[in-house]
Undergrad: 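The structure follows.
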Amino acid sequence: MRYSAGLINTVREVPSEAEVISHQLMLRAGMIKKLAAGVYSFLPLGYRVIRKIEEIIRKEMDQAGAQEVFLPVLCPAELWQDSGRWSVYGPELMRCKDRHNREFCLGPTHEEVITDLVRREVKSYRQLPLNLYQIQTKFRDEIRPRFGLMRGREFIMKDAYSFDCDEAGADVSYQRMKETYQNIFRKCGLKFTMVEADTGAIGGNFSHEFMVLADSGEDLVVSCQKCSYGSNIERAECLPSKEKALPDAPLKPVEAVLTPKYTAVDEVADFLKVKKDEGVKTLIMKADEQEVVVLMRGDHELNEVKLKNLLNAVDIVMADEATIETITGGSVGFSGPVGLERVKIVADYSVQNLFNFVTGANKKDTHLVNVNWGRDCPVPQFADLRLVTETDRCPRCQDKLTITRGIEVGHIFKLGTKYSKALKAEYLDQKGDEKTIIMGCYGIGVGRTMAASIEQNHDKDGIIWPMPIAPYQVLVLPTDVTDKNIKDTAHDVYKQLLACGIETIIDDRDERPGVKFKDADLLGFPLRITIGSRSLKQGVIEIRIRKTGENLQVPKDDYKNRVIKLIQELQPQE
RNA sequence: CGGGGCGUAGCGCAGCCUGGUAGCGCACCGGUUUUGGGAACCGGGAGUCGGAGGUUCAAAUCCUCUCGCCCCGACCA
């Protein structure tokens, strides 16, 4: 590729729309361009990266025995009504109507479509197991598209679906995808970690996420320093807190204390001279329009996903002021469990062992001290409802936990029969009995993987592409194309490398060297060969490694071998 | 959807408060000199000032409405 013939426009200044580094660099490198919020065009260099990631995915998926298909983006509403998700998916589903007023949606994921296909095609156990995948544009009308390719409303996703006769087979399929995903991300040159995850709107029994660790990540990843335990914080289990021995002395009588204007746990604890973990905070939530009171220890945070799963709710939000006042009869900031009737109360395990604790009085500017379960308020339902913190211990091995930010680039689910049952995807087994197919589904965000790679591989000068997904492996850079000797040598090197099957681009623009060096760094090609008067005089070829900044001077007759070797060395190690 | 911010040339911004010729830097086009880490000078093209309505002799500027975009929360590959 000749640079001068390419559509490559780099920009010096950071566009104001970009917050995270991958977004900034992709815009500055002219790899993507925004058309609308969360909707991006890929320009030639950017699209080359996408295609490289896609090819790695295809190769690994095919090797795992999966077959590629291509499903429609436009999906009829009926299928979604059958699965029940037409109403559940909410405004995130891009809906539209055709000229006959029939309803459709733009596929945000394809369980319905693929299950429909399979139920029509598969009749016998002889046709199973099956793993079908596609790489395609998905649509989700996200409330807030963010961070460029990281969270778009239109995005490229690889989605795969497995179909098995029984649980054992489904486990094998799941396991195979788990390994395949690790291969894919490793071959893309990413550092990642696999964690347990919540199943969310897709549903199913259990799932794993593949996380690229990066500060800009939207997820929090909990991992054990000792064993292999890793989990999305949404799912991370909390070990029950150590039991506090009940006091020998009889429980103290409840007392109301004036705490004017103090609503925050910190303030109340300070004011009453107690520790934060000696108080119970009371959250009034709405779970699908049903009010529920949640009790947490003062120093803990609610994990909304756990609450959602406990209540089997679709949507959880904080109740508004009016609702809180109706339920508690008091003002916001002074809620407590005492005297609450006719409302569901759930509490985190950590408050189970508290006694003589502090809580709101459901009365303005008032808190209660020495509250005790049973005596002063009903004993609520206890459950694991809180967010893990770094002071918690690993639920598997009791060692220390760390919490880091991560970008979810892949997610695999064991679905079970959620969709096959709803859509009646069945087969006949050996005995001729009708059985429901067991499913799994497996997603990879292709654009997000590209963004995550940049988050992980960049420096102050720009992108540093891992070799396997770089738009070009080598950039040949003549410092001055008006010098015939330099120009001819550069073109010769360029042709030689192409002849070796190396993906090469030559910066044949009539620009000053500084401009070309800056662009080379920004665009992030792994290897750069500089042809200038300096190296010509010395009779050497100069190879620069983007990642390390190392400059190699190699003999003219050996440079091809060196380039080939360097390309190999820069491949991810097995 | 709630909270905050921003819409002026392809990009980054000034001008708005106090109404009166639409500006700067980068990028782009032509020219001269330059050429190993974002060159200098000369000349040039490019703008419905997000949109609609209003106030006014006069609106980028004041008022009302509206649309878009970005950031913080709920969603997720």
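Convention: sequence-line order gives letters A, B, ...; per-chain numbering from 1. All values below come from the heavy atoms of this structure, side chains included, with hydrogens, waters and symmetry mates left out.
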Undergrad: What is the distance, rounded to the nearest whole Å, between atom CG of A:Asn485 and atom P of B:rU35?
TA: 17 Å
Undergrad: Holding to salt bridge (charged side-chain N to carboxylate O under 4.0 Å, His left out), I want the full list of residues that pass it with A:Arg28, two or more places apart in sequence or in another chain.
TA: none
Undergrad: So what does A:Asp521 hit on the nucleic acid, given a heavy-atom distance under 4.0 Å: a base, only sugar-phosphate, or nothing?
TA: base
Undergrad: Which whole-number value in Å describes the distance from A:Ile143 CD1 to B:rC71 P?
TA: 15 Å
Undergrad: Determine: side-chain N/O of A:Ser16 to OP1/OP2 of B:rG12, distance under 4.0 Å, yes or no.
TA: yes
Undergrad: I'd like to know if the side chain of A:Ser453 and the backbone of A:Thr449 have a donor-acceptor N/O pair within less than 3.5 Å.
TA: no
Undergrad: Please check: side-chain N/O of A:Lys306 versus main-chain N/O of A:Arg386, any donor-acceptor pairing under 3.5 Å?
TA: yes
Undergrad: For a quick test of reading the model: is some side-chain N or O of A:Arg12 closer than 4.0 Å to OP1 or OP2 of B:rC26?
TA: no
Undergrad: Under 3.5 Å, side chain of A:Arg448 to main-chain N/O of A:Glu408, donor-acceptor pair present?
TA: yes
Undergrad: Would the base of B:rG37 count as contacting A:Arg528 through its side chain, where contact means a donor and an acceptor less than 3.5 Å apart?
TA: yes
Undergrad: Reckon A:Glu142 touches a base, only the sugar-phosphate, or nothing at all at heavy-atom distances under 4.0 Å?
TA: base
Undergrad: Is there a stack between A:Phe155 and B:rA77, judged by ring centres under 5.5 Å and planes under 30°?
TA: yes
Undergrad: Test for a donor-acceptor pair under 3.5 Å between the base of B:rG37 and the side chain of A:Asp461, counting only N and O atoms.
TA: no
Undergrad: Taking atom P in both B:rC72 and B:rU35, compute the distance separating them and give it to the nearest angstrom.
TA: 47 Å
Undergrad: Determine: side-chain N/O of A:Lys34 to OP1/OP2 of B:rC70, distance under 4.0 Å, yes or no.
TA: yes
Undergrad: Quick one: the side chain of A:Glu511 and the base of B:rG38, do they pair up donor-acceptor inside 3.5 Å?
TA: no
Undergrad: Going by modelled atom types, is there a donor-acceptor pair between the base of B:rC75 and the side chain of A:Arg151 at under 3.5 Å?
TA: yes
Undergrad: Can you find an N or O donor on one side and an acceptor on the other, under 3.5 Å apart, linking the side chain of A:Arg144 with the base of B:rG4?
TA: no
Undergrad: Could you state the CZ-C1' distance from A:Arg146 to B:rA74, rounded to the nearest angstrom?
TA: 10 Å
Undergrad: So, does the side chain of A:Glu542 form a donor-acceptor pair with the base of B:rG36 at under 3.5 Å?
TA: yes
